[in-house]
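What follows is a set of notes on a single structure, which appears directly below.
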Protein chains: 2
Amino acid sequence: MVEYLSSSLDPVFHALGDATRRAMLRQLAQSPRSVTELAAPHDMSLAAASKHIKVLESAGLISREVQGRTHTCRLNAAPLASAQEWLSYYEKFWTSRLDALEALLKAEDAAKAKPKSKPQPKSK
Amino acid sequence: MVEYLSSSLDPVFHALGDATRRAMLRQLAQSPRSVTELAAPHDMSLAAASKHIKVLESAGLISREVQGRTHTCRLNAAPLASAQEWLSYYEKFWTSRLDALEALLKAEDAAKAKPKSKPQPKSK
DNA sequence: TCCATATTCAACTTTATGGTTGAATATCTG
DNA sequence: CAGATATTCAACCATAAAGTTGAATATGGA
């Protein structure tokens, strides 16, 4: 039903790859904020914060309503749903398994074409 | 129980912000692969693919076992769990709600200090 | 040993990122 | 209108990213 282009995930994950921007999303999860409010907790110029906001905006993660001189930003979580959808594919790799062990089990499971009796010791 | 540093999400989300790397993770979800095998479907030099693999590796998303001249890469999904955990915070913003509408509702919900009777028409 | 295979390394190019500062623009307010 | 506030813009800088090519390294196999 909900179909997401893989390519549209690029800007979303990219936007999430920065702690400042993730923090801004958390702020917006509380309530809409102006640019100044969003910038306040972060130790950087307003112009820098403005750029981060633009990154979030162009990833579709926030929308902006201009009211006079202030821009009110709101969270738009929809693209996060598509990110989570992408990640959900991998749930089977950690659900109800220890992850390192899981990797081993999964490898043997899936690699039907590659029967390897045991891991070789490192040559170095 | 599982506690993840926000900072460790930076390299994870960054790694996911590239379609080539996401595709490589999908490949590895099928079975472990050598560098050559991982590179094959992607239209780039082996050296470029090798760099992508290194990005995934340093984000902790894959591990590598060197056996002779081939390096076998395996998926390590654990950091994806922490990414999903981060995203899960936002589930409430899309679960059982239309997303645009949801933003509105949520805004009213969370902004207890800001009772706005109805959305203002855009000033522009 | 010789050659092919697997992978990385080094150097380089181009473009993107994240930050700065100072000026510009627009709006609100007395 | 004048000044303060909100935000962006433009220019600039330093570093990182993503790709290339060609050489280096290591291993496997005849």
Side-chain angles (χ1 to χ4, degrees), chain A residues 6-7 9-25 27-28 32-59 61-74 114 116 119-124, chain B residues 6-7 9-25 27-28 32-59 61-74 114 120-124:
Chain A
S6 165
S7 56
L9 284 178
D10 276 39
V12 174
F13 279 125
H14 170 254
L16 297 181
D18 181 286
T20 298
R21 290 193 288 262
R22 288 198 305 280
M24 286 177 165
L25 291 178
Q27 293 175 256
L28 292 174
R33 304 273 160 108
S34 70
V35 170
T36 303
E37 286 168 341
L38 278 175
H42 307 288
D43 186 27
M44 62 181 62
S45 70
L46 210 46
S50 175
K51 283 187 189 179
H52 281 300
I53 292 170
K54 232 169 292 186
V55 170
L56 291 166
E57 197 178 11
S58 61
L61 288 165
I62 72 180
S63 63
R64 177 192 308 241
E65 183 192 351
V66 180
Q67 2 183 33
R69 54 184 168 174
T70 84
H71 296 201
T72 299
C73 300
R74 297 190 155 69
K114 298 185 175 183
K116 65 169 123 43
Q120 246 59 52
K122 297 218 176 70
S123 58
K124 190 168 188 182
Chain B
S6 164
S7 56
L9 285 177
D10 276 37
V12 174
F13 279 125
H14 171 253
L16 297 181
D18 181 286
T20 299
R21 290 192 289 261
R22 289 198 304 280
M24 286 177 165
L25 291 178
Q27 293 175 257
L28 292 174
R33 302 273 160 109
S34 70
V35 170
T36 303
E37 285 167 341
L38 278 175
H42 308 289
D43 186 27
M44 63 180 60
S45 69
L46 209 46
S50 175
K51 283 187 189 178
H52 281 300
I53 292 170
K54 234 169 291 186
V55 170
L56 291 167
E57 196 177 11
S58 60
L61 288 166
I62 71 179
S63 63
R64 179 192 305 244
E65 183 193 351
V66 180
Q67 1 180 35
R69 55 186 167 173
T70 86
H71 297 201
T72 299
C73 301
R74 299 190 155 69
K114 299 183 176 184
Q120 246 59 53
K122 296 222 177 67
S123 58
K124 190 173 190 181

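It should be emphasised that the depicted structure is a prediction, and the values quoted were computed from it without experimental measurement. Every chain is numbered from 1, with letters handed out A, B, ... down the list of sequences.
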Query raised in the report: Between C:dA4, C:dT29, C:dT7, which one does the side chain of A:Arg69 approach most closely?
Result: C:dT29

Query raised in the report: What integer distance in Å separates B:Glu65:CD from D:dT27:P?
Result: 15 Å

Query raised in the report: Which residues satisfy the side-chain hydrogen bond (donor to acceptor under 3.5 Å, both in side chains) test with B:His14, sequence neighbours excluded?
Result: none

Report task. Whole angstrom is fine here: how far is it from CD1 in A:Ile53 over to C1' in C:dG19? Result -> 15 Å

Report summary line: Sequence neighbours excluded, the answer for side-chain contact (heavy atoms from CB on, under 4.5 Å) partners of A:Ala48 is A:Met44, A:Ser45

Report summary line: note: A:Arg64, atom CZ; D:dA6, atom P; distance rounded to Å ~ 15 Å

Report summary line: From CG of A:Asp18 across to P of C:dT17 the rounded distance in Å is 11 Å

**Report entry** DNA chain D contacts among residues 41-48 of chain B, heavy-atom distance under 4.0 Å
**Finding:** B:Met44, B:Ser45, B:Ala47, B:Ala48

Report task. Could you tell me the separation between the CD atom of A:Glu57 and the C1' atom of D:dT8, rounded to a whole number of Å? Result -> 12 Å

Report task. Please state how far atom CZ in B:Phe13 lies from atom C1' in C:dT17, giving the value in whole angstrom units. Result -> 19 Å

Query - Member of B:Cys73, B:Pro32, B:Pro41 meeting the side-chain contact (heavy atoms from CB on, under 4.5 Å) criterion with B:Gln27 - result: B:Pro41

Query raised in the report: Under 4.0 Å between a side-chain N or O of B:His71 and OP1 or OP2 of C:dT8?
Result: yes

Query raised in the report: Would you call A:Leu16 and A:Leu25 a side-chain contact if the rule is heavy atoms closer than 4.5 Å?
Result: yes

Report summary line: B:Gln67 CD to D:dA26 P, in whole Å, measures 18 Å

Query raised in the report: For A:Thr72, which residues count as a side-chain hydrogen bond (donor to acceptor under 3.5 Å, both in side chains) partner, sequence neighbours excluded?
Result: A:Gln67

Query raised in the report: With side chains defined as the heavy atoms from C-beta onward, is the minimum distance between B:His42 and B:Met24 less than 4.5 Å?
Result: yes

Query raised in the report: Can you tell if the side chain of A:Leu61 reaches within under 4.5 Å of the side chain of A:Val55, non-hydrogen atoms only?
Result: no

Report summary line: Across all chains, not counting sequence neighbours, the side-chain contact (heavy atoms from CB on, under 4.5 Å) partners of A:Ser63 are A:Arg74

Short heteroatom pairs, N/O only, protein and nucleotides 12-17 of chain D, under 3.5 Å:
none

Query raised in the report: So how far is it from B:Thr70 OG1 to B:Glu65 CD, rounded to the nearest 0.5 Å?
Result: 8.5 Å

